[in-house]
Amino acid sequence: MPKEISSAPPRVGDEAPQAIIRLFRFPYQFFGRLCGNHSHTLMDIASGDAGQKTVLDGLFRRLIFFDNSCDHEFVKPADIRCIPMADKSVEVSFCFETVEHLDSPDQNQALRELERVTQTQIVIGSIDEHGEDHVEGVPIFKKKNDSNPYHLRELNSLTFPQLIEQHFTDIEYYQSWPSPSGIAMRHGLWARPLAYCNYAMINL
């Protein structure tokens, strides 16, 4: 049985600043449209309170939400290192702003579990270690400024693909960036310290 992950407070709740909620929901809007298939089941692991359900409703046949520390009517308890799903039981898996909460061995175990339960596509997103500290003037809680003790190993535009490419080969990378309209998604990974998060869209 894996060691217990220290329970962090919910990452995004109704009381969170709207800028943080928009940052958290943005990849669901972008990748939901990109990966959405009305015949597919989507599993969102480490989903928080599933506030993104309204973004995903109608894009997939079925939604499954798991979280290690959230008790909510739409969310089932689960540890990403030991997902309670059968092999290849979902077509698409999302995992956003989660792997930074794990150390290196557990990050690799989490990726093995995502590969085990998923048939078609996995999208993994992780906050950029060297990226922006604020969104719309609101602080982003990160390890480097000692404001987030729950981040055990943050990744950047170099270490994120190094982790992903230990497990997968058919990968497209993206980054979320500040833009005049708020947040934008850019194809590829850039080393300049401006990104919010790095993403890997993996075809299995």
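We're numbering straight along the sequence, starting at 1. Hydrogens, waters and symmetry mates are skipped; everything else that's a heavy atom, side chains included, is used.
- Hydrophobic cluster membership is shared by Leu23 and Leu34, with clusters built from Ile, Leu, Val, Met, Phe, Trp and Tyr side chains linked at under 4.5 angstrom.
- A distance of 8.0 Å separates CD1 of Ile122 from CE of Met43, quoted to the nearest 0.5 Å.
- At a cut-off of 3.5 Å, with distance as the only test, no side-chain donor of Ser39 or Arg61 sits close to an acceptor on the other residue.
- The nearest pair of heavy atoms linking Gln175 to Ser157 is NE2-CB, 4.0 Å.
- If you run side chain to side chain donor-acceptor pair (under 3.5 Å) between Tyr28 and each of Gln52, Arg33, Lys53, only Gln52 comes through.
- Salt-bridge check for Asp103 with Arg153: failed, with every basic side-chain N at 4.0 Å or more from each acidic carboxylate O.
- Minimum heavy-atom separation, Glu97 to Cys197: OE2-SG, 4.0 Å.
- In the displayed structure, Lys76 atom NZ is contacted under 6.0 Å by at most 12 heavy atoms of other residues, nucleotides or ligands.
- Rounding to the nearest 0.5 Å places SG of Cys82 at 11.5 Å from CG of Asn68.
- Residues Phe24 and Val138 share a hydrophobic cluster, clusters being chains of Ile/Leu/Val/Met/Phe/Trp/Tyr side chains in contact below 4.5 Å.
- Looking only at distances, no side-chain donor or acceptor of Glu91 sits under 3.5 Å from a matching main-chain atom of Gln119.
- With contacts defined as side-chain heavy-atom distances shorter than 4.5 Å, the pair Tyr196/Pro178 qualifies.
- A donor-acceptor contact under 3.5 angstrom links the side chains of His130 and Asn156, judged on distance only.
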Take His72 and Asp67 through the test side chain to side chain contact (heavy atoms under 4.5 Å, CB included) and record every step on the way to the result.
CA-CA 9 Å; His72 192 275; Asp67 195 90; over 6 Å; no
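- The environment of Trp177 atom CH2 is dense: over 12 non-hydrogen atoms of other residues, nucleotides or ligands sit within 6.0 angstrom.
- Hydrophobic cluster membership differs between Ile164 and Trp190, with clusters built from Ile, Leu, Val, Met, Phe, Trp and Tyr side chains linked at under 4.5 angstrom.
- Phe168 has its side chain within reach of Leu204: a pair of non-hydrogen atoms, C-beta onward, lies under 4.5 Å apart.
- Considering every non-hydrogen atom in both Val99 and Gln107, the closest pair reads O-NE2, 2.8 Å.
- Minimum interatomic distance between Leu114 and Cys95 (heavy atoms only, all atoms of both residues): CD1-CB, 4.1 Å.
- Proximity of a side-chain donor or acceptor of Lys142 to a complementary backbone N or O of Asp128 within less than 3.5 Å is detected.
- Ile64 CD1 to Met85 CE: the interatomic distance, rounded to the nearest 0.5 Å, is 3.5 Å.
- Residues Leu63 and Asp57 form a side-chain contact, since some pair of their non-hydrogen atoms from C-beta on lies under 4.5 Å apart.
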Could you walk me through whether Val75 and Asp49 pass the side chain to side chain contact (heavy atoms under 4.5 Å, CB included) check?
CA-CA 7 Å; Val75 183; Asp49 66 3; 5.5 Å; no
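- In summary, Glu115 and Arg112 do not engage in a salt bridge, as defined by a charged side-chain N under 4.0 Å from a carboxylate O.
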Would Ile45 and Val117 count as a side chain to side chain contact (heavy atoms under 4.5 Å, CB included) here? Give the steps.
CA-CA 11 Å; Ile45 187 82; Val117 303; over 6 Å; no
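- In this structure, the side chain of His40 does not engage the main chain of Val90 through any donor-acceptor pair within 3.5 Å.
- A donor-acceptor distance shorter than 3.5 angstrom exists from the side chain of Arg116 to the backbone of Ile83, with no hydrogens or angles considered.
- A tilted orientation is assigned to the rings of Phe31 and Phe96, their planes being inclined by 30° to 60°.
- In this structure, CD1 in Ile127 is found 8.5 Å from CG in Asp133, a value given to the nearest 0.5 Å.
- Nearest approach of Leu158 to Gln162, heavy atoms of both residues: O-CG, 3.2 Å.
- In terms of modelled atom types and a separation under 3.5 Å, the side chain of Lys88 and the main chain of Thr118 share a donor-acceptor contact.
- In this structure, His167 and Ile202 have side chains that are not in contact, with every pair of non-hydrogen atoms separated by 4.5 Å or more.
- If you take CG on Asn203 and OG1 on Thr169, they are separated by 9.5 Å, rounding to the nearest 0.5 Å.
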Take Tyr174 and Phe30, measure what ring-ring contact (aromatic ring centres under 6.0 Å, His included) needs, and give me the verdict at the end.
CA-CA 11 Å; Tyr174 295 83; Phe30 183 85; 5.5 Å; yes
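- Other residues, nucleotides and ligands contribute only 12 or fewer heavy atoms inside 6.0 Å of the CZ atom of Arg62.
- Here Asn37 contributes atom CG and Leu59 contributes atom CG; the two are 10.0 Å apart, rounded to the nearest 0.5 Å.
- Nearest heavy-atom pair, Gly32 versus Leu56, reported as atom, atom and distance to 0.1 Å: CA-CD2, 4.2 Å.
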